[in-house]
Each structure stands twice: as structure tokens, then as C-alpha cells.
Amino acid sequence: MKEINRTVQLIEVGPRDGFQSIKTFIPTEKKIALVKTLLAAGIRRMEVTSFVSPKAIPQMADAREVVAAVKAERVEGLQLTALVPNAFGARAALEMELDAVNFVLSVSETHNRENVRRTVDESFGELAKIAEEYAAVEKAPRILLSLATTFGCPFEGPQPVSRVADMVHRAAGLGVTRIIFADTIGVADPLQMETFWEDILPVLPEDLELSLHLHDTRGLGLANVYAALRFPVHSLEASFGGFGGCPFAPGAAGNIATEDLVNMLERMGISTGVDVETLSRAALELARFAPEAFNSHMARVVAGKTACCGPA
Ligand code: COA
Ligand code: ZN
């Protein structure tokens, strides 16, 4: 049996994936307060927002205010990223002095068109433009790439691993330093996860950070984490309260809940530096805005213990 990967890092994406999935506008002050609670819980790597068209995702219209308030906290060692779909968003991330941009591109043509209204080739054109603009700037954010629908597309079904690998090579050639394989609609199963890593690892460029972004749509999120922990995965993305989902992917549901992931990793002896109770308090607060989407085992455990702050 292969050893468990004990160096895996945790990345909180709730302020992006979670918030974007909630229709009710979360007041900016509330967003900032929630992010501060995540920091108090010990989160140090976070996708804090997205710079996208407010017509596409009205919830993200206050992206700059949220980033400014979080940066003003001056938390040591904090690494902030924002999702961007184009060069317009990447310019905002540069101005806001983020550590990295997470450029989103779908493996499937159809989801890419639905999500960012571009062909895959056009999106690669945007990525090339960002790389060129950043190359001319000192201390530009790192460029990361999220490959949405890696494990299956709501419109096209399964995607060939060879297509995923080709995209990774194309992105690495443009200076991308981390690839995030995203199970946008939560269709992967643990055996598929193993086969995916076995097939793709031998054909990838070296020196790339490889990351995983899992949704728990069918309840297999943590089982998929366990399967992936046998491989050199640099980081795992998760969302507090289990909120999340792409508004342009029919049937999308929440991410794996960060507090559930923290609990699992800690119990397996993998240190995260994150406090489950504090994180759960943030999850229960956010649940007030979308009680039907709340999907966190550990936050329920914490709510049961304190009995005062269950979802409204
Ligand atoms: N941030 C803010 N505004 C943006 C923007 C960005 N990153 N990119 C474009 N815009 C604005 C433009 O300024 C323009 O504004 P105007 O109508 O006032 O002139 C408008 O949006 C349309 O610009 P255009 O380039 O034609 O975009 P589009 O209508 O083809 O939409 C995207 C393309 C990528 C901007 C849009 O589909 C989008 O933001 N998608 C994000 C989807 C997402 O976040 N999904 C969930 C995460 S996986
Ligand atoms: Zn997601």
C-alpha cells in the first residue's frame, strides 16, 4: 500500500465558491466578518473572492472591498488568491496586490462557453494575455489554473485524461505554476480518482503544484480525498459549511466542507493548523443565508454541543 501524503496543504475557497453559490446578497460587512473568523480559525491560504462580471455573479460585486478589508488585517503568512475568468479580472487582482490569480477554464468546451462565454482556445488566449501583462510587472501575482469539469461535465459527460494533460502542458508553457483539478459537479468516485492520478502523473511536466477541488454533490467528496492522498497532491481546496457550486453548471452542489476535511486530516495525523470549532461557527453563520445548502457534519456536531447557534 502506498504511503499517505502527509504534506498536503489546505486551501479555503468558501469566500469564493461558497459565496458565489448563494443568491441572497451577503452584506459586504458580513462577508468581511466571516473571512476574519476564518483567519481566527487559522486559515492561511484562501481564495478570498472572484473578479468576475457583476452581471454574471452579482454576489461578487464587492470583491475589491472584501480584499481591501482582509489585507488591512495584515495577517502574517496569509496567501490570498482570487478567481479570474479573463485579463480584466487579472488586472483587478494585480491592483489589489493579491498573491495569486486562479484563472478558470473548463476542460469541456460546452461548460467553458456556459461559464465564461468563450471557447477553450479563446480562454487560453486570455491566459496568454495575463501572462504577458504580468511578465512586464515586478511582483505580479502568481498564475494558477483551475481546470473545471476535469472529472466530468454536466453537458458532455466524461472528459479524456489526455485532453486534461494537453491543457496542463499548454498552461505550463504560459507560466502557470499550479494546476487545480476541479470536480465541478461532484461526479468522481474513489477508483476514478486513483486511475486519474495514475494515468496523468507520468505525462505531466515536472515542478508543477497539483491541487484538487472537490464537490460533494453525491457524497463522495471525502472518499475521493482519501483516494487522492496516496498521490503527490500539493493542496486540497474546500469550503466552510460545504457551500459552493458553479451557477453555470446544472445540478452543481456544495464543496467538501473545510471543517469536515480538517477533522479527517487531523484524525489521520496530518496537521492543518485550523480550529474546527471556530471554522464551524463561521459555517453556522453563513448557513443563515442559505440554510438549504448547508452541508457540514462537523458544524452540526459543534452546533449540537453549543445548542445556541444552529442554522436559523
Ligand atoms: N470583472 C468585472 N467586470 C467584467 C469582467 C471582470 N472580470 N470581465 C468583463 N467585465 C464587464 C465588462 O467591463 C463589460 O461591462 P459593460 O457591460 O458595463 O461594458 C461586461 O462585463 C461584458 O464584458 P465581456 O467581456 O463582453 O464579457 P461577457 O459578457 O462575454 O462575459 C465573463 C464574460 C467572463 C466576464 C463572464 O461570463 C463572467 O464573469 N463569468 C464568470 C463566471 C463565474 O464566475 N463562474 C463561477 C466560477 S467557476
Ligand atoms: Zn467549485
Side-chain angles (χ1 to χ4, degrees), residues 11-23 46-67 81-96 98 101-108 110-120 122-127 129-130 133 141 144-155 180-188 211-218 221 224-225 235-258 261 293 295:
I11 300 175
E12 172 61 58
V13 297
R16 195 277 298 172
D17 212 334
F19 291 178
Q20 81 179 17
S21 72
I22 295 176
K23 285 239 153 56
M46 185 172 1
E47 192 155 286
V48 66
T49 192
S50 57
F51 292 112
V52 296
S53 161
K55 282 181 200 142
I57 314 254
Q59 185 70 265
M60 294 300 174
D62 56 3
R64 283 170 185 263
E65 288 106 294
V66 172
V67 173
T81 66
L83 180 138
V84 301
N86 55 15
F88 190 109
R91 282 173 211 132
L94 179 66
E95 273 172 41
M96 297 306 295
L98 288 178
V101 284
N102 182 3
F103 184 80
V104 63
L105 169 68
S106 305
V107 175
S108 86
T110 316
H111 184 257
N112 204 60
R113 259 202 314 275
E114 292 291 322
N115 195 33
V116 295
R117 300 158 59 88
R118 299 286 180 272
T119 64
V120 165
E122 284 167 345
S123 277
F124 267 110
E126 284 291 321
L127 182 58
K129 205 191 292 178
I130 296 169
E133 290 185 13
L144 323 178
L145 174 68
S146 268
L147 285 177
T149 69
T150 290
F151 299 92
C153 166
F155 307 103
I180 300 125
F181 298 113
D183 188 9
T184 309
I185 52 164
V187 281
S211 183
L212 202 52
H213 174 105
L214 298 173
H215 283 258
D216 196 34
T217 319
R218 290 163 181 76
N224 288 333
V225 167
S235 42
L236 297 168
E237 297 190 345
S239 176
F240 71 108
F243 297 93
C246 174
F248 304 100
N255 301 56
I256 50 173
T258 315
L261 178 62
N295 186 27

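Heads up: numbering here begins at 1 and tracks the sequence. Order of listing sets the numbers, starting from 1, for every ligand and every atom in it.
Looking at residues two or more places apart in sequence or on another chain, you find a ring-ring contact (aromatic ring centres under 6.0 Å, His included) between Phe181 and Phe196, Trp197.
Ser211 places a side-chain N or O within 3.5 Å of a backbone atom of Ser235 that can act as its donor or acceptor partner. Here the side chain of Glu133 pairs no donor or acceptor atom with the backbone of Arg91 at under 3.5 angstrom. Of the possible polar contacts, none joining the Glu47 side chain to the Thr81 backbone as a donor-acceptor pair under 3.5 Å is found.
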Step-by-step side-chain contact (heavy atoms from CB on, under 4.5 Å) determination, Phe88 to Glu126: CA-CA 9 Å; Phe88 190 109; Glu126 284 291 321; over 6 Å; no
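Under 3.5 Å, the side chains of Ser146 and Asn102 contain a donor-acceptor pair of N or O atoms.
The 4.0 Å heavy-atom shell around ligand 1 contains residues Arg16, Gln20, Phe51, Val52, Ser53, Pro54, Lys55, Ala56, Ile57, Pro85, Asn86, Phe88, Gly89, Asn115, Val116, Arg117, Arg118, Phe248, ordered by chain and number.
Near-neighbour remark for the Zn ion (ligand 2): protein N, O or S atoms under 2.8 Å are Asp17 OD2, His213 NE2, His215 NE2; waters not counted.
Annotation: side chain of Asn112 is in contact with side chain of Arg118 (closest heavy-atom distance under 4.5 Å). Annotation: side chain of Thr49 is not in contact with side chain of Arg16 (no heavy-atom distance under 4.5 Å).
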Please table the atom pairs, donor to acceptor, closer than 3.5 Å between any side-chain atom in residues 238-254 and protein atoms at least two apart or in another chain.
| from | atom 1 | to | atom 2 | distance (Å) |
| --- | --- | --- | --- | --- |
| Ser239 | OG | Phe243 | O | 2.6 |

